[in-house]
Amino acid sequence: MILIIDDDIAVRTSLLLLVRQEGYEAAAAGTPEQAMEAISTTRPALVLLDLNFSIRTTGEEGMALLERIKQHDNTIPVILITGWGSIELAVQGMKLGAADFITKPWSNDALLQSVRTVLALQTNKPVAKVTRKQLDKDFDFRQIIGEDPAILQVLETISRVAATDASILITGESGTGKELIAEAIHQNSRRKQRPFVKVNLGGISSSLFESEMFGHIRGAFTDARYDRIGRFEMASKGTIFLDETGDLEPTSQVKLLRVLQDRTYEVLGSSRTKTVDVRVVCATNKNLHQMVADGTFREDLMYRINLITIHLPALRDRAGDIPLLVNHFIRNLREIYNRPQLTVSKEALKWLQSLPLPGNIRQLKNLTERTMLVHNTDVLEIDHFRGQLELSPAAKGQLQLPGVGTITLEDLEVEMIRKAMAFHQHKIARAAASLGLTRSALYRRLEKYNIPYDEAAD
């Protein structure tokens, strides 16, 4: 049963009709006393609580009732309904244990999606310890390599939440595989036949944010010579992966919050409103809680994007998976470079497990490929890897930077891109991986710096 708490009979009637049409049992209460009596009599599966359910608009009574509900039964999920102007109050409610919050005037589709998501998360509780074999039997985790308990916990979480529309925040150090986890969430969701759109928010300035994310029409600004489809529209009915969320500038944070909150946006240069229907997965290597405390990241946005948080362990904390990862890379390299006899010695695998590898999986992959390219031997040994580790961009203390003032940051980036393109014989995918970039990010930089490339060579 869903319990609706609001003093306005019109709101109660509207919400009752809405949820009942979706097949849910529902009841309503107009006062805190009626609400607590209903909760005591029959435990609801979900509560929809309007924070301003009396003549007063401070929300204090709603917050007090939320506390009473949580004290009575902390396991009852509560979705708060509030006005845009009192989102700060809703964030306080999230801290008290509310599962989600919806703003007025609400979209029926958005409200129902929140109801379905919260109810689904309640029914998909953690199960007993599972094995990798059990997970692989029911889910598509082919791209995720590892059997460490921490990775199994990540995969178990994905198995429970992928089928919902819950917003997910993936945290972890750079190079731990956050994009692969986002793709796994999409591939195991109901949206898997729809687009999976990746966006590097760290590479989008505030001046370009609206154009990139929402699109623009011809003539919207000086250089807008043609219509452009935004990333949210590209991801329609699918999943949008917002990487480097912690690097988002303050003004862009407000715009992102608006679209996630209202599920609507306007194309730049047009007054026509479009509706958003996407699953949002975010990722960051930064501590958003600390950024909120420092005032550099909006608290309301943080609560909007992390209904579920998945933390990826550093590779050094699951060193037992390093041989699995290296052998996976080697299998791919055999095919790419036509070296069918290529292997890594047991001694080298054990030595690799002892490394700190601050660049995590990305550094390990880069190290393995570079070692294979430099040494034309079928068996890679410790000395082969050791020589290349000293050249690794993630090796602390080994990177020699030019003196301050001798070169600009942009010139340095251009030089590194040119070197990577030359080293990998202008193969975009390989050059991008060695630079720690996605293909699309490298394409943007090649175009930005007018560096020639041949797409056919990739």
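Along the sequence shown, residues are numbered consecutively beginning with 1.
- One finds the CG atom of Leu389 at 12.0 Å from the CD1 atom of Ile382 (value rounded to the nearest 0.5 Å).
- In this structure Glu233 satisfies the side-chain contact (heavy atoms from CB on, under 4.5 Å) test together with Ile229, Tyr265, Lys274, sequence neighbours excluded.
- Classified by interplanar angle (parallel below 30°, tilted 30° to 60°, perpendicular above 60°), the ring pair Phe196/Phe241 is parallel.
- By the side-chain contact (heavy atoms from CB on, under 4.5 Å) test, Arg445 is found to be paired with Glu413, Ile417, Leu437, Ala441, Tyr449, residues two or more places apart in sequence or in another chain being considered.
- For the residue pair Pro77 and Arg43, the shortest heavy atom distance occurs at CD-NH2, 4.4 Å.
- The ring pair (Phe, Tyr, Trp, His ring centres under 6.0 Å) test applied to His289 returns no partner, not counting sequence neighbours.
- A salt bridge is absent between Glu183 and Lys192: the closest approach of a Lys/Arg side-chain nitrogen to an acidic carboxylate oxygen does not fall below 4.0 angstrom.
- Here Asp300 contributes atom CG and Ile305 contributes atom CD1; the two are 10.5 Å apart, rounded to the nearest 0.5 Å.
- Exactly one of Leu373, Thr368, Asn338 qualifies for a side chain to side chain contact (heavy atoms under 4.5 Å, CB included) with Leu333. That residue is Thr368.
- Counting heavy atoms from C-beta outward, Leu89 and Gln92 have side chains that approach closer than 4.5 Å.
- The cationic group of Arg370 does not satisfy the cation-pi geometry with Phe385, failing either the under 6.0 Å distance to the six-membered ring centre or the 45° limit from the ring axis.
- Between Ile168 and Asn306 the shortest side-chain heavy-atom distance does not fall below 4.5 Å.
- Across Ile240 and Ala235, no two heavy atoms sit closer than the pair CB-CB, 4.0 Å.
- At least one donor-acceptor pair under 3.5 Å links the side chain of His384 to the backbone N or O of Glu381.
- A 4.5 Å side-chain heavy-atom check between Ser40 and His72 finds at least one atom pair inside the cut-off.
- Salt-bridge annotation for Arg318 and Glu147: absent, with no side-chain N of the basic residue lying under 4.0 Å from a carboxylate O of the acidic one.
- Under the 4.0 Å criterion applied to side-chain N and carboxylate O atoms, Asp165 and Arg191 are assigned as salt-bridge partners.
- Checking side-chain atoms of His186 against main-chain N and O of Arg194 turns up a donor-acceptor pair under 3.5 Å.
- Shortest non-hydrogen contact noted between Ala35 and Leu3 is O-CD2, 3.9 Å.
- Residues passing the side-chain contact (heavy atoms from CB on, under 4.5 Å) test with Leu135, sequence neighbours excluded: Val130, Phe141, Leu152, Leu155, Ser159.
- Residues passing the side-chain contact (heavy atoms from CB on, under 4.5 Å) test with Thr343, sequence neighbours excluded: Arg334, Val379.
- Between the side chain of Asn327 and the backbone N or O of Pro323 there is at least one donor-acceptor pair closer than 3.5 Å.
- Of the N and O atoms on the side chains of Gln134 and Asp138, not one donor lies less than 3.5 Å from an acceptor on the other residue.
- Considering every non-hydrogen atom in both Thr245 and Phe297, the closest pair reads O-CE1, 3.5 Å.
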Arg316 and Glu173: side-chain contact (heavy atoms from CB on, under 4.5 Å), yes or no, with the steps? CA-CA 11 Å; Arg316 60 184 172 276; Glu173 295 179 7; 2.4 Å; yes
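- Ion pairing of Glu25 with Arg20 is absent here, as no side-chain N (NZ or NE/NH1/NH2) approaches a carboxylate O to less than 4.0 Å.
- Pro44 and Val47 make their closest contact through CG-CG2, 3.8 Å (heavy atoms, listed as atom of the first residue, atom of the second, distance).
- The shortest distance between side-chain heavy atoms of Met421 and Lys427 does not fall below 4.5 Å.
- Distance CZ/Arg444 to OG1/Thr438: 6.0 Å, rounded to 0.5 Å.
- Side-chain contact annotation: Gln187 with Asp140, donor-acceptor N/O pair under 3.5 Å absent.
- Residues Thr284 and Leu169 are in side-chain contact: their nearest non-hydrogen atoms beyond the backbone lie under 4.5 Å apart.
- Not counting sequence neighbours, the partners of Glu249 by the side-chain hydrogen bond (donor to acceptor under 3.5 Å, both in side chains) test are Ser206.
- A 4.5 Å side-chain heavy-atom check between Leu257 and Tyr303 finds every atom pair outside the cut-off.
- Here the side chain of Asp321 pairs no donor or acceptor atom with the backbone of Leu324 at under 3.5 angstrom.
- Summarising the geometry, atom CG belonging to Asn74 is positioned 10.5 Å from atom CG belonging to Leu96; distances are rounded to the nearest 0.5 Å.
- With Ser252 contributing its side chain and Leu248 its backbone, the two residues share no donor-acceptor pair below 3.5 Å.
- Here the options are Thr117, Val118, Leu119, the test is side chain to side chain contact (heavy atoms under 4.5 Å, CB included), and the partner is Leu121; only Thr117 passes.
- At a cut-off of 3.5 Å, with distance as the only test, no side-chain donor of Thr371 or Gln388 sits close to an acceptor on the other residue.
- Using a 4.5 Å heavy-atom threshold, the side chains of Asp243 and Lys198 count as separate.
- Looking at Asn360, its side chain does come within 3.5 Å of a backbone N or O of Pro358 through a donor-acceptor pair.
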Residues Thr164, Arg279; criterion side-chain contact (heavy atoms from CB on, under 4.5 Å); working and verdict: CA-CA 9 Å; Thr164 74; Arg279 178 34 159 339; 3.8 Å; yes
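- Between the side chains of Ser114 and Asp100, at least one donor-acceptor pair of N or O atoms lies under 3.5 Å.
- When side chains are defined from C-beta on, Lys346 does not count as touching Trp351, because their heavy atoms never get closer than 4.5 Å.
- Thr75 and Asp73 share a side-chain donor-acceptor pair at under 3.5 Å.
- At least one cation-pi condition fails for Arg362 and Phe329: the charged atom is not both under 6.0 angstrom from the six-membered ring centre and inside a 45 degree cone around its axis.
- A donor-acceptor pair under 3.5 Å is formed between the side chain of Asp148 and the backbone N or O of Ala150.
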Pair Asp109, Asp277 - check side-chain contact (heavy atoms from CB on, under 4.5 Å), show working. CA-CA 9 Å; Asp109 288 341; Asp277 179 10; over 6 Å; no
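- Judged by distance alone, the side chain of Lys178 and the main-chain N or O of Cys282 form no donor-acceptor pair under 3.5 Å.
- With salt bridges taken as basic N to acidic carboxylate O contacts below 4.0 Å, one links Arg160 and Glu156.
- Asn200 contributes a side-chain N or O that, together with a main-chain N or O of Gly202, makes up a donor-acceptor pair within less than 3.5 Å.
- Closest of all the heavy-atom pairs between Arg430 and Tyr337 is CD-OH, 3.4 Å.
- Gln353 places a side-chain N or O within donor-acceptor distance of the main-chain N or O of Ala319, the cut-off being under 3.5 Å.
- Looking at Arg142 and Asp136, no side-chain N of the basic residue comes within less than 4.0 Å of a carboxylate O on the acidic one, giving no salt bridge.
- Taken to the nearest 0.5 Å, the CD1 atom of Ile5 stands 10.0 Å off from the CG atom of Leu80.
- Remark: Thr296 OG1 to Leu288 CG distance equals 8.5 Å, nearest 0.5 Å.
- Met291 CE: more than 12 foreign heavy atoms inside a 6.0 Å radius.
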